[in-house]
Each structure stands twice: as C-alpha cells, then as structure tokens.
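Residues: numbered from 1 along the sequence shown.
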Amino acid sequence: MELVFIVEQVLNGLVVSAYYLLIALGLSLIFSLGGVVNLAHGAFYALGAYFAIEVEKRLGFLGAFALSPVLVALLGVALERTMLRRFYRSDPILSLLLTFGLAMVIEQVIRIVWGAAPLPFQIPTFLKGQLFLGDFIYSYYRLAMLGVAATAVVLTWLLFNKTSFGRVVRAGVQNPDMVAVLGISLAPVMTIVVAIGIGLAGLAGVLLAPIAGVHPAMGTEIITAAFVVVVIGGLGSFWGVVLAAMLVGVVRGLAVYYMPPAAEASMYLLMLLVLLLRPRGLLGERIQKFE
C-alpha cells in the first residue's frame, strides 16, 4: 500500500509540474529571445482561468479549453506591441519593473470585474470519476491534465525545432546580429513568441482552475514557483525547464507525503542546491538580446 501512495504522490507532483512547466516555459521563451523578464506572466495565467469561466458559460468546457488560451495570447500580442518591444534593447530591470506594475494592475482589474471572492469552476462531466487499477486510484481529470501538458510541450518543441520559424528563433537567440545582417526582422518573430508564451500561461490557468479554484491572487502565488523552475532549469534551455519542472513537482509531491510542513520549502532548497553546484542551472546557456 505504501508503494501505491508513493506512486500517487509522484503523479500529483507531475500534475504540479505540468502547470509549473506551462508557465515557466513561456517565461523562458520570452526571456531567451527578447531579454524581457515578464513578471506579469502569472497575471495572464489568472486571466486564462477567469476567461475560461466566462467562455464555459456559453460554449462549455471544451470551448473554454480551446478559446481562453487564444484570448490570453491575443492580449499578449497587444502587450508586446504596445509595451514590451520598447525594452528589448534596455536593461532587463526596466522590463521587470514594467511587468511588475502591469501584474498589479491586472490583478486589481480582475477584482473590479469579477470580485475578490474565489469563483468555482467545475470539472467537466466527461472527466469526472477515478481510474481504478487494483489498489491504485487516480483522478481522470488529473491524468488528462498530464496528457494535455505533455502534448503542449511536444508541439512547442516541434515548432521551435522542426520548422523554419523555429530555426529563425534559435538563430535569433544564439546570434541576433547575424540574423539582422541576413535581412530577417526579429520583431514579428518576437510577437509570435510572446503570444505562444503567454498563451501557454493561459492554458495552465484553464487546466488548474477546476482543481485549485479561481481567485484574483492566483497569479501572484504561481509566479514565484515558475521563476524557481526557470532558474533551476537554466535560462534559455527548453529541456532544462522541462527537467526542472518535473524535479520540482516530484520533490514537492514526495515532500507532501513524507514531510508536509517542508513541502513548500522543498523547491527553494532544490534551487539552492542546484545553484551551488551549477550556477547557470541544469542546462543553462548564454543568452544574447537582439538589436
């Protein structure tokens, strides 16, 4: 029985990894190409959950699942075109201050529009229930979350590694000056990257809403953990972020089982250990901003 409980905690940890990963991956993508530290990323995660509530009333859960991340991504495009692109050549601290202020504004707008009280968001009927395999029991919805997150990661990797668009992005990360010499503008590429990164955060908000509930401060709560994942994985490393998210989630899940009071602190201890041994993160690489 103890083995079953451990397996359940590992899976719970992987579920945590799933939404950490979707948020951290977007953070890493935006920083890798643009050098922008987006502290508003958590606020877009919260907007994904709130948009899902509104869309679900009209189009059901599948409609919310499909449309809410797109709406959040479109807001990301507006953000990139009106604000972020002004800071690509600037000190990262300036974009950090801008997006910190933006995060506070979005949270207050959420409180004005939807109120300060938490809102419920139900698991769809077709994903309710549990899987029974002997003594092992697990939620269908949590398994579906793992599947969606894995699919999103694979599709993102394919986009950036198996397409011409991805080749331009990788070249822009490694040598933006050479890309400019070739006559390729990275500005529209950056717009798409921001849309994808923020859209992934919106998707995480939709997926987590039925489990954790929806409240205005949910973005503030998640952004610290997302940055921990990015730091552990290494700035600019796709698979570093994936590996770090899995490590953080599994360590946290096992800590919940063996030492519950230390569960929240476990990811910070893991970050400290990684940075002591490898200051650039697990798979970190040098990043250049584009001109």
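Within the 4.5 Å cutoff, no side-chain heavy atoms of R167 are placed close to those of F160. Using a 4.5 Å cut-off on side-chain heavy atoms (C-beta onward), I192 and I196 make contact. Put simply, the side chain of F238 does not reach to within 4.5 Å of the side chain of S28, judged on heavy atoms. Between Q122 and E56, the closest side-chain pair of non-hydrogen atoms is not below 4.5 Å. R142 has its side chain within reach of I211: a pair of non-hydrogen atoms, C-beta onward, lies under 4.5 Å apart. Counting only heavy atoms from C-beta outward, the side chains of F65 and V148 approach each other to under 4.5 Å. Taking 4.5 Å as the limit, some side-chain heavy atom of L11 sits within range of a side-chain heavy atom of L146. Residues L71 and L47 are not in side-chain contact: their nearest non-hydrogen atoms beyond the backbone lie 4.5 Å or more apart.
No side-chain N or O of S95 forms a donor-acceptor pair with one of R86 less than 3.5 Å apart. Side-chain atoms of S139 and Q130 include no donor-acceptor pair closer than 3.5 Å.
Each of V229, I23, I232, L282 was checked for a side-chain contact (heavy atoms from CB on, under 4.5 Å) with V241, and the lone residue meeting it is V229. When the options L207, L203, L208 are evaluated for a side-chain contact (heavy atoms from CB on, under 4.5 Å) with Y19, the one that passes is L208.
A46 approaches I110 most closely through the heavy-atom pair CB-CD1, 4.0 Å. Nearest heavy-atom pair across I123 and K128 is O-CE, 3.1 Å. Considering all non-hydrogen atoms of both residues, A103 and A40 come closest at CB-CA, 3.8 Å. Of all heavy-atom pairs spanning I198 and G76, the tightest one is CD1-CA, 3.6 Å. Here the closest heavy-atom approach between residue A52 and residue A64 is recorded as O-CB, 3.5 Å. The shortest heavy-atom contact between L131 and Y140 is CB-CE2, 3.8 Å.
F87 and V77 fall into different hydrophobic clusters, where Ile, Leu, Val, Met, Phe, Trp and Tyr residues are linked whenever their side-chain heavy atoms come under 4.5 Å apart, directly or through other members. Note on F31 and F100: same hydrophobic cluster, where clusters join Ile, Leu, Val, Met, Phe, Trp and Tyr whose side-chain heavy atoms are under 4.5 Å apart, directly or indirectly. Linking ILVMFWY residues whenever their side-chain heavy atoms come closer than 4.5 Å, directly or via other members, places L14 and V7 in the same cluster. There is a path of hydrophobic side-chain contacts, each under 4.5 Å, that joins V105 to Y45. Linking ILVMFWY side-chain heavy atoms closer than 4.5 Å, directly or via other members, places L74 and V109 in two distinct hydrophobic clusters.
Separation of atoms CG (L84) and OG1 (T99) is listed at 7.5 Å; rounding is to 0.5 Å. To the nearest 0.5 Å, atoms CG (L159) and CZ (F165) are separated by 5.5 Å. To the nearest 0.5 Å, atoms CD (Q108) and CD1 (I106) are separated by 11.5 Å. To the nearest 0.5 Å, atom CG of residue L200 and atom OG1 of residue T156 are 5.0 Å apart. Note that CG of L59 is 9.0 Å distant from OG of S68, once rounded to the nearest 0.5 Å. To the nearest 0.5 Å, atoms CG (L155) and NZ (K162) are separated by 14.0 Å.
Note on ring orientation: taking the six-membered ring where Trp is involved, the planes of F61 and F121 are tilted (angle from 30° to 60°).
When atom types are taken as modelled, the side chain of R111 and the backbone of G115 share no donor-acceptor pair closer than 3.5 angstrom.
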Requested in this report: Could you please spell out the steps behind the side chain to side chain contact (heavy atoms under 4.5 Å, CB included) verdict for I53 and W114?
Outcome: CA-CA 10 Å; I53 289 176; W114 286 283; 5.5 Å; no
Report task. Decide yes or no on side chain to side chain contact (heavy atoms under 4.5 Å, CB included) for M83 and L98, but give the supporting numbers first. Result -> CA-CA 8 Å; M83 298 182 188; L98 169 72; 3.9 Å; yes
Query - Full working for side chain to side chain contact (heavy atoms under 4.5 Å, CB included) between F227 and M271 - result: CA-CA 10 Å; F227 271 106; M271 179 178 68; over 6 Å; no
Query raised in the report: Going through the distances and angles, do M218 and V214 end up as a side chain to side chain contact (heavy atoms under 4.5 Å, CB included)?
Result: CA-CA 7 Å; M218 61 189 294; V214 182; 4.0 Å; yes
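Within 6.0 Å of the CE atom in M259, the count of heavy atoms belonging to other residues, nucleotides or ligands does not exceed 12. Dense packing is recorded around CE of M145, with more than 12 heavy atoms of other residues, nucleotides or ligands lying under 6.0 Å away.
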